[in-house]
2 protein chains.
Amino acid sequence: MTVDGRLARGDRTRSAALDAAVVLATEVGLDGLSLARLAGILGVSKSGLFAHWRSKEALQLATVDRAVEQWQERIVEPGLRAPAGVRRLWALHQARIDFYAARVLPGGCFFASTDFEYNARPGPVRDRLAEVFGRWTAFLERLVRETVDAGELPAGTDVPLLAYEIDALGIAAAMRSRLMDPDAAYRHARQSLLDRLRALCPDPTLLPEGLS
Amino acid sequence: MTVDGRLARGDRTRSAALDAAVVLATEVGLDGLSLARLAGILGVSKSGLFAHWRSKEALQLATVDRAVEQWQERIVEPGLRAPAGVRRLWALHQARIDFYAARVLPGGCFFASTDFEYNARPGPVRDRLAEVFGRWTAFLERLVRETVDAGELPAGTDVPLLAYEIDALGIAAAMRSRLMDPDAAYRHARQSLLDRLRALCPDPTLLPEGLS
DNA sequence: GAAAACTATACGACCGGTCGTGCTTATTTA
DNA sequence: TAAATAAGCACGACCGGTCGTATAGTTTTC
């Protein structure tokens, strides 16, 4: 975190500041993120933050990138450890819900919150978010397509549509888990995709039997 | 609206102010909603707004209520005009997507934006949003249950789960329609529910043939 | 003319951002 | 090796601006 009360040189402490920024931004929004408050949390002066990121916007962009890294570590990589195909799709969805359930971020999901926040605000931050979101959906579609090509899903499957459905279930889980019963939200998000995949997948042994 | 002329004039201003507040809040968030900016848009003084709602929080709550009225008019009522059952579920979903597609609100969906915004902020505004959201999901579940009871969906249907899926498709459509290709988002949201309902509904004549 | 609706003005708090200063550290110099 | 110097970093103080809010005064309406 800080060294001798200073923000300190080196990428390590810098990324610690970004970790805190991700948490704070998920809570109060990327725009509501106050440099003064972030500095207070880190035990560092506001000017110190300005020394590293010359503007608030630069800090916001860096925060988005850090959130992408976390998403990569906690969701994409665990998903990719599963064998390709429906099991990988399922593992990815599972990892995403597990990440929400772990309550690493107080507001649920960094990207869901900020994407909605910047829906109608043109600018560099929105562009970055849109790019990240585009990469995410492209990734999802690629996984679905690979699954179809591997014969684990019917050949006529509408790939973008299924990718859309998978993402929609995740988004809804992030929202409902904070506003209503979290366990029900996670259970529904899981069960819904499981039903969908089981209905499509010709090989029933590739997916778990059922959920409690 | 009262019979009294003086109050009538006040109510008009009041209602127009809330309409503008809904638009503005969808754009910049319920928290980012500034009294000064709202006053500027309406061509009135900031103190005038403050005279009507004695605090910003009161204005925020009134804005939420106004957004609920709009939702009722534009989505719930059109949905209820369809005959009960799967056709009503479909009409409701359709009306929701049409509302998004009409771009009445610049940021997509008032409730999706604000719900995420207040995910991690306890207080009266969050409580109101949670209550509204609870009523909405209860309404959805009631429609689904009625459909099951009417025999248009299988008796064993998981009612909360299907309601969750319907709402998830709408939420995702609201988000994607701003960050990515809107038409694709709407098409996916429609097609997905159509597929789902057709797979469940034993009577194929109750739903449209297909979508372009 | 009284009451209601509206406005002008001001206040303190906080915002993002800048600036000059002192401290820490690394490099140079003798 | 020790002193001197140069450079980089973090700090407190401060700037103009905007926020929500309060109060006093003005216009409108009956």
Side-chain angles (χ1 to χ4, degrees), chain A residues 1-18 20-21 24-25 27-64 114 117-118 121-126 128, chain B residues 1-21 24-25 27-64 114 117-118 121 123-126 128:
Chain A
M1 189 68 65
T2 57
V3 178
D4 298 337
R6 290 162 174 261
L7 217 188
R9 48 186 92 242
D11 292 340
R12 209 203 248 133
T13 46
R14 190 190 171 96
S15 99
L18 286 180
L24 201 55
E27 191 178 334
V28 297
L30 209 40
D31 194 67
L33 196 163
S34 149
L35 293 180
R37 190 170 161 192
L38 180 60
I41 290 175
L42 291 168
V44 160
S45 79
K46 193 174 56 164
S47 344
L49 293 179
F50 269 94
H52 285 79
W53 302 274
R54 290 189 294 173
S55 70
K56 179 178 181 178
E57 195 175 86
L59 174 62
Q60 289 173 323
L61 293 174
T63 303
V64 172
T114 52
E117 187 184 4
Y118 279 84
R121 298 196 215 178
V125 177
R126 198 203 112 114
R128 181 75 57 99
Chain B
M1 184 89 69
T2 341
V3 205
D4 192 288
R6 290 169 296 176
L7 283 180
R9 179 177 156 213
D11 277 356
R12 249 201 322 276
T13 319
R14 205 183 167 92
S15 160
L18 287 180
D19 282 336
L24 201 56
E27 192 178 335
V28 297
L30 209 39
D31 196 64
L33 197 162
S34 145
L35 291 180
R37 190 171 161 192
L38 182 60
I41 290 175
L42 292 167
V44 296
S45 73
K46 194 170 59 162
S47 345
L49 291 180
F50 212 84
H52 282 291
W53 303 275
R54 295 170 46 122
S55 72
K56 180 178 180 177
E57 194 174 87
L59 173 63
Q60 289 174 322
L61 294 174
T63 303
V64 171
T114 52
E117 187 184 3
Y118 279 85
R121 299 194 214 176
V125 177
R126 197 202 113 112
R128 181 73 58 98

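Chain identifiers are assigned alphabetically (A, B, ...) following the order of the sequence lines, protein sequences preceding nucleic acid strands; residue numbering begins at 1 within each chain. These values consider heavy atoms only, across backbone and side chains, with no hydrogens, waters or symmetry-generated copies.
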S.K.: Mind jotting down which residue pairs meet the salt bridge (charged side-chain N to carboxylate O under 4.0 Å, His left out) criterion with at least one end in residues 38-54 of chain A? Sequence neighbours excluded, please.
M.R.: none
S.K.: I need the CH2-C1' distance between B/Trp53 and C/dC6, as an integer number of Å.
M.R.: 13 Å
S.K.: For nucleotides 12-20 of chain C, just jot down a letter per nucleotide in 5' to 3' order: B, S or -, based on protein non-hydrogen atoms under 4.0 Å.
M.R.: ---SBBBB-
S.K.: Run the side-chain hydrogen bond (donor to acceptor under 3.5 Å, both in side chains) test against A/Arg126 and tell me which residues pass, sequence neighbours left out.
M.R.: none
S.K.: So how far off straight is the helix from C/dG1-D/dC30 to C/dA30-D/dT1, going by the axes through five pairs at either end, to 10°?
M.R.: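 The end-segment axes of the helix from C/dG1-D/dC30 to C/dA30-D/dT1 are tilted 10° relative to each other.
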S.K.: Hey, is the side chain of B/His52 poking within less than 4.0 Å of OP1 or OP2 on C/dC6, counting only N and O atoms?
M.R.: yes
S.K.: Closest heavy-atom contact between B/Glu57 and B/Val125?
M.R.: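 So the minimum-distance heavy-atom pair works out to CG-CG2, 4.1 Å.
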S.K.: Sequence neighbours excluded, which residues qualify as side chain to side chain contact (heavy atoms under 4.5 Å, CB included) partners of B/Ser47?
M.R.: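 B/Ser47 satisfies side chain to side chain contact (heavy atoms under 4.5 Å, CB included) with B/Ser45 once adjacent residues are dropped.
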S.K.: Kindly write out the residues that satisfy side-chain hydrogen bond (donor to acceptor under 3.5 Å, both in side chains) with B/Gln60, not counting sequence neighbours, or none if the list is empty.
M.R.: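 Residues passing side-chain hydrogen bond (donor to acceptor under 3.5 Å, both in side chains) with B/Gln60: B/Tyr118.
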S.K.: Would you say the side-chain atoms of B/Glu117 pair up with the backbone N or O of B/Leu30, donor to acceptor, closer than 3.5 Å?
M.R.: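 Yes; at least one donor-acceptor contact below 3.5 Å.
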S.K.: Pairs of donor and acceptor atoms involving the side chains of residues 37-44 of chain A, under 3.5 Å and at least two apart or interchain, shall be tabulated with distances.
M.R.:
none

S.K.: Run the side chain to side chain contact (heavy atoms under 4.5 Å, CB included) test against B/Ala51 and tell me which residues pass, sequence neighbours left out.
M.R.: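 In terms of side chain to side chain contact (heavy atoms under 4.5 Å, CB included), with neighbours along the sequence ignored, B/Ala51 is linked to no residue.
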S.K.: Return the value, rounded to whole Å, for the distance between atom CG of B/Leu49 and atom C1' of C/dA5.
M.R.: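 In whole Å, C/dA5 C1' and B/Leu49 CG are 13 Å from each other.
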